[in-house]
Amino acid sequence: MNKNINDNGGAQNAQNTTSSATANNGSNQADTNNASAYKAPNIPAPLLSPYKPESSEVVVIDIHEKSQLSNPDICIKLGLTSDEAEHFSIILPPPNVTGTLHLGHGLMASLSDISIRFERMRGKRALWIPGTDHAAIATQSKVEKEISKNEGKSRYDLGREELLRRVEEFAQASHDTIVTQTKRMGTSLDWSREAYTLDATRNHAVRTMFKKMYDDGLIYQGSRIVNWDPKGQTTIADDEIVYKEDTSKFYYFKYGPFTIGTARPETKFGDKYVVMHPKDERYKQYEHGQKITVEWINGPIEATIIKDETIDMEFGTGVMTITPWHSGVDFQLAEKYKLDKEQIIDQKGRLLPIAGPEFAGMKISEAREKIVEKLASKGLVEKIEDKYIHNIATAERTGGTIEPQIMKQWFVAVNKPFILPFSDIKGIEAGKETTLKQIMRAAVDGGQVELIPEHYNKTYFHWIDNLNDWCISRQIWYGHRIPVWYKKAEDGTIAETYCDILSPKEADRADADEFVQDEDTLDTWFSSGLWTFSTMGWPEAFDTKTGAIQAGSDLARFHPTSILITGPDIIFFWVARMILMTGYAMGTVPYERVYFNGLVRDMQGRKMSKSFGNGGDPVEISEKYGADALRMFYAMATAPGTDTKLDENKIKGFKHFANKLWNITRFILTMAEEQKNKDVSSTATYDANFSAWSAKDIELIAERDELIKTITKELEELRYHLASDKIYQYTWSRFADIILEESKIIFNGRAEKVDATDPENPAKNHTALPAGTQEEKNSRIQFLLHTLRTLLVVVHPFMPHVTEELWSIINTGKSLNDMSSEERAKINAADLLMAHKWPN
RNA sequence: GGGGGAUUAGCUCAGUUGGUAGAGCAACACAUUUACACUGUGAAGGUCAUAGGUUCGAGUCCUAUAUCCCCCACCA
């Protein structure tokens, strides 16, 4: 498919550009029409019926794709931009291969495309990279669910290899759907640079990054309390937790001289520390470290008094026992006072032998009441509250109730000092000690990354300040396997831990066979964090010793990216992690501006959810009203950061707007034809060098050019809603309703009209007006032809399809939709409106 | 508990440094071999949530209050 352009155009394209882009595009029409002295207006046939987005859009999309103008290297070859030009680059937030695109994706893609097309038309080296995200847990659990439902099998029944085969099959299908959908929106993405977060290139980047962080001591393995999802059988990160309100019973038990409250009796077997506030008057006779014997579930135990200020004296009795293995807060207390930690519940949610023969092996749900019964029989139950409302932690992806566990996992240390050898980040000095947290803070604090709207700064900083080490290992199979191998000694202990980009086998180690790879995979956001540079040739194009970037590489030419348009829901998951990874890997920022769009909601204000019902498909809407209409809706309906209600009525209105442009074109071409027919000497074809403007038209030109300036400024500042609104208002209310109406009078004059029954009604009455002079007519027809072209150019980033169609019609008299595939193949890429220069 | 956002016409929302209130849709009246009914013209519709304050001047800045939404944290 790349051949077409090169075969037909090749080197010639560049030459054609200059001549055809400037003047005389309409000369063919003029020649044929001048042959007859007078005849009825002859306008291109396609204009005679309303604009049909459903048939034109797919044709334009195809032509745009074949033109390869989305590839900046092709634009350079065509002379539309150069390597000296300023770059403008965006990465598309890679959609998860868990399903299909929803309207939120459509929003991000539309706004990004408006900016990319705008900057490309301004002559910048514009690159927009597409891709998809493997979304580890989300994808695997979706496939597991289906397998369980259809075949009643678990992942362990299938085995690692077979499950991965199934997941990949599913991911491929999703990917293909997503690509089709994305293209249908008219997105000018450079598909030749498409990437996947789990492909070989990205795997190499991930391993390189892991190894580097491992060597710097920033990735470590440690036994810490983590969020264990018993349903998904994996750990998850703190920000993958969703809290849900739950009503349960709340129990008060006698614990020696104290009364303790709990909602989770099943964790209480190992509780041998009782904690209270040092200033609590009620318990002043007890001392920190004092040991007392108390009667408990399975008989008497020795309990130790701990006094700590984190205890809330107001809550319950002001006394609690702790379970360090299964609670984050308790774990921290245990660490602080070096207390024993004992596991009570296993990873499948069953009680361990420590619970005694009576309870061991029991599931949490059944054990709870039995334990309470036993305590009651011993007279240790004081009180039971029935309606205790609290939040329980659940896993975002599987819905499983989080069971905190102490486990050996891999972490990224965010507070550990290390030396960053090179840095462009303000406030982070090269060669000096810093931390990942400081890098994340400095990038935004110094203004190198601008968050739009600005109030997200506060959210961002707050998150960073409270950030703990990032747990990056997952016990699932779909994802980047941790590049660590272990060699076991004869006694079963680990004799050697090997971390490298190449496996022992790939590294040709003689003892390669003795190594076993770590079973775990990486958090999906680890690979997404590298996205801006792993898609541009890192690490090959980057010298990790000197920080030099290989000249001519994408990394040198397009990084940092210019803007990121994404939803605020992934500010921590992704936006922050990219800043962390980019700062660490290259001492720079991933992007200069982040534009957070709001959520797309339905008319009832409900969140559009892909998993439940009201998902909404951008393709469906595009087929009904046109992608142009949907894009215009997205542009116009959203101020940054505020939610958008999807209003089909409005989208319909923008379909009408596309048709309005269609009819404006038809009308102007008709007028031009009429003038030509009436007056042979008239210059009624587009003349780029026309200068005999009438006084009135000089004003109109000034007004129009002022508007273009404003729109340019709005687009530079990413105020899509203001830019689009101004174009819309000018086109419809000013240009069509006022200027075109006035033009009718200039060309033909107006007869007096009197309705005796209703003399006051302006709609029924008007006075006679004379037509303009020949000079005024000549000037006006040129003004209309010039302004029409300008409007098509300016509307193009918003509505690329209808404008490209009209561009073809005004320049060749032919609709792209009506052309044969041979004719379409002959189109010079540089002649497309998409390649046209933005007016300034 | 902490933070952020919102509150403007019947509905959905704009309103960039303070300078006489805007759009789309809906509703109303009218026009009609009209470039376009996927149309045009006109009229109507708002104490800009409430109460104070700063200012010559506040939808816009400040302080409270109310209601709604979101995010973060989470208590045994």
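Chain naming here is simple, since letters A, B, ... match the order of the sequence lines and numbering starts at 1 in each. The figures that follow rest on heavy atoms only: side chains count, while hydrogens, waters and symmetry mates do not.
Among the atoms of the strands shown, base atoms are found under 4.0 Å from some heavy atom of A/Glu741. Within the 4.0 angstrom heavy-atom criterion, base atoms lie near A/Lys726. Among the protein residues, A/Lys458 comes within range of the sugar-phosphate backbone only, with heavy atoms under 4.0 Å from sugar or phosphate atoms but none that close to a base. Among the heavy atoms of the strands, none lies under 4.0 Å from A/Lys652. Nucleic acid contact for A/Ala393: none, since no nucleic acid atom lies under 4.0 Å from a heavy atom of the residue. Backbone-only contact: A/Lys645 has heavy atoms under 4.0 Å from sugar-phosphate atoms and none from a base. At the heavy-atom level, A/Glu714 lies under 4.0 Å from base atoms of the strands shown. As judged by a 4.0 angstrom heavy-atom cut-off over every strand, A/Arg264 is placed among residues making no nucleic acid contact.
Atom CD in A/Gln729 sits about 12 Å away from atom P in B/rG22, given to the nearest Å. B/rA76 atom P lies 15 Å from atom CD of A/Gln332, rounded to whole Å. Here the P atom of nucleotide B/rC25 and the CG atom of A/Asp647 are 10 Å apart, to the nearest Å.
Mapped onto RNA chain B by nearest heavy atom, A/Gly653 and A/Asp737 fall at different nucleotides, with A/Gly653 at the one closer to the 5' end. Heavy-atom distances to RNA chain B give each of A/Phe654 and A/Thr321 a nearest nucleotide, and the one nearer the 5′ end belongs to A/Phe654.
Ring centroid separation for the pair A/His390 and A/Phe250 does not come in under the 6.0 Å cut-off. In this structure, A/Phe654 has its ring center closer than 6.0 angstrom to the ring center of A/Tyr728.
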*For RNA chain B, what is the dot-bracket line, given that a base pair needs Watson-Crick (N1 to N3, plus N6-O4 or O6-N4) or G-U wobble (N1-O2 and O6-N3) geometry with both distances under 3.5 Å, and | means paired with another strand?*
(((((((..((((.....[..))))..((((.......))))......(((((..]....))))))))))))....
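Judged by distance alone, with hydrogens and angles left aside, the side-chain atoms of A/Lys279 form no donor-acceptor pair with the main-chain N or O of A/Glu309 at under 3.5 Å.
Checked by distance alone, A/Lys660 brings a side-chain donor or acceptor within 3.5 Å of a matching partner on the base of B/rC36. In the interface, the side chain of A/Lys650 is paired with the base of B/rU12 through a donor and an acceptor atom under 3.5 Å apart.
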*Summarise protein proximity over nucleotides 67-74 of chain B in one line of letters, 5' to 3': B for base, S for sugar-phosphate only, - for none, counting protein heavy atoms closer than 4.0 Å.*
-----S-B
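For A/Trp325, there are no ring-ring contact (aromatic ring centres under 6.0 Å, His included) partners two or more places apart in sequence or in a different chain.
Crowding of A/Lys652 atom NZ: a count of heavy atoms from other residues, nucleotides or ligands under 6.0 Å not exceeding 12.
Residue A/His721 has a polar side-chain atom (N or O) positioned under 4.0 Å from OP1 or OP2 of B/rG15.
No donor-acceptor contact under 3.5 angstrom links the side chains of A/Asp271 and A/Tyr255, judged on distance only.
Across every non-hydrogen atom of A/Met320 and A/Ile311, the tightest pair is CE-CD1, 3.6 Å.
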